[in-house]
Amino acid sequence: MLIPHDTRIALDLVVDLVNTAPESEPEGGAAPADGLADVAALHAFAVRHRVSGIGVLDQRDLRAVHEVRARFGEVFAAEDARTAAGLVNALVAAAGTTPQLTAHDGYDWHVHYFSPDASIADHLAADCGMALAFIIVAGETERLRRCEAPDCRHAFVDLSRNRSRRYCSSRTCGNRLHVAAYRARRREAAG
């Protein structure tokens, strides 16, 4: 599956956004932390992901991003492509998309789907929504997944060739479960 560079960046962004939600954190007794708990965290998230033209952020922006994040979470939980498409359509329409070609910050020509004066929530809804639309149009909705580790529900986009990825990270969740299964087999064999 060939994914343009800007679409890949937006897919990474939407996954990271969804994974900031408290319900995406593992449940281990402690209350899950919100990765975007305050305006400072939202600003740091925007800087880390090089979200352009964000301006000064405030509580309204934080609330709006939380709403967009929740809708994107629903896309990753959608039962089928029709449901996912309806959710993405609503997000993109509410953002008032205005596609335009742009080249900036060392990136070659790419499409921005938000107006230059868009809020950060509309920016995320438009760009990330269109990246998810790309996946839906390609007939690849099943690539939008949640980690299968019992104590992790992080979102990810399975870009493996054979759509076989089961964990958000093979280095953490996947490895941890494989080690646990190995140890259980060893205990069973020894006992």
Checklist entry - So, does Gln100 use its side chain to make a donor-acceptor pair with the main chain of Phe114 at under 3.5 Å? => result yes
Checklist entry - Does the pair Asp34/Arg69 count as a salt bridge with the N-to-O cut at 4.0 Å? => result yes
Checklist entry - Nearest 0.5 Å, what's the CG-CD1 distance between Leu159 and Ile3? => result 4.5 Å
Next on the checklist: Please evaluate residues Leu132 and Leu11 with respect to the criterion side-chain contact (heavy atoms from CB on, under 4.5 Å), reporting the C-alpha separation (whole Å), side-chain torsions for both, the decisive distance (0.1 Å), and the verdict.
Outcome noted: CA-CA 7 Å; Leu132 292 173; Leu11 287 172; 4.0 Å; yes
Next on the checklist: Minimum heavy-atom separation for Phe156 and Phe76, please, with both atom names.
Outcome noted: O-CE2, 3.5 Å
Checklist entry - Leu144, Val137: one ILVMFWY side-chain cluster at the under-4.5 Å cut-off? => result no
Item to check | Val51-Val47 co-clustered via ILVMFWY side chain contacts under 4.5 Å | outcome: no
Item to check | Contact summary for Leu42 and Leu36, nearest pair of heavy atoms | outcome: CA-CD2, 3.8 Å
Next on the checklist: Would you say CZ of Arg82 has more than 12 non-hydrogen atoms from neighbouring residues, nucleotides or ligands within 6.0 angstrom?
Outcome noted: no
Quick one: side chains of residues 121-130, donor-acceptor pairs under 3.5 Å with protein atoms, not counting sequence neighbours, listed by atom name and distance.
| from | atom 1 | to | atom 2 | distance (Å) |
| --- | --- | --- | --- | --- |
| Asp127 | OD1 | Tyr113 | N | 3.2 |

Checklist outcome for this item: When every non-hydrogen atom of Asp38 is compared with those of Ala41, the smallest separation belongs to OD1-N, 2.7 Å
Next on the checklist: Looking at Ala155, is its backbone amide N or carbonyl O close enough to the side chain of Arg153 to form a donor-acceptor pair, meaning the two atoms are under 3.5 Å apart?
Outcome noted: no
Checklist entry - From Asp16 CG over to Phe45 CZ, what is the distance, rounded to the nearest 0.5 angstrom? => result 5.5 Å
Item to check | Closest contact, heavy atoms only, Val18 versus Gly73 | outcome: CG2-N, 3.9 Å
Item to check | Heavy-atom neighbours of Arg161 CZ exceed 12 at 6.0 Å | outcome: no
Checklist entry - Looking only at heavy atoms, which two atoms of Leu57 and Ile54 are closest? And how far apart? => result CD2-O, 3.8 Å
Checklist outcome for this item: For Leu62 and Val39 the tightest heavy-atom approach is CD2-N, 3.9 Å
Checklist entry - Taking Arg165 for the side chain and Cys168 for the main chain, is one N or O donor matched with an acceptor at less than 3.5 Å? => result yes
Checklist entry - Counting N and O atoms only, with roles assigned by atom type, does the side chain of Arg143 sit under 3.5 Å from a partner on the main chain of Ser160, one being a donor and the other an acceptor? => result yes
Next on the checklist: Between Arg145 and Asp158, does any side-chain N to carboxylate O distance fall below 4.0 Å?
Outcome noted: yes
Next on the checklist: With a sphere of 6.0 Å drawn around NE2 of His43, does it hold more than 12 non-hydrogen atoms of other residues, nucleotides or ligands?
Outcome noted: no
Next on the checklist: For a 4.5 angstrom cut-off between non-hydrogen side-chain atoms, does Glu74 reach Arg71?
Outcome noted: yes
Next on the checklist: Measuring from atom CZ of Arg63 to atom NE2 of His66, what distance do you get when rounded to the nearest 0.5 angstrom?
Outcome noted: 10.0 Å
Next on the checklist: Can you confirm whether Val14 sits close enough to Val157 that some side-chain heavy atom of one is under 4.5 Å from a side-chain heavy atom of the other?
Outcome noted: no
Checklist entry - For the atom pair NE2 (His154) and SG (Cys173), what is the distance rounded to the nearest 0.5 Å? => result 7.5 Å
Would you give me the side-chain donor-acceptor pairs under 3.5 Å for residues 83-98, sequence neighbours excluded?
| from | atom 1 | to | atom 2 | distance (Å) |
| --- | --- | --- | --- | --- |
| Thr83 | OG1 | Asp80 | OD1 | 2.7 |
| Asn89 | ND2 | Ala85 | O | 3.4 |
| Thr98 | OG1 | Ser115 | N | 3.1 |

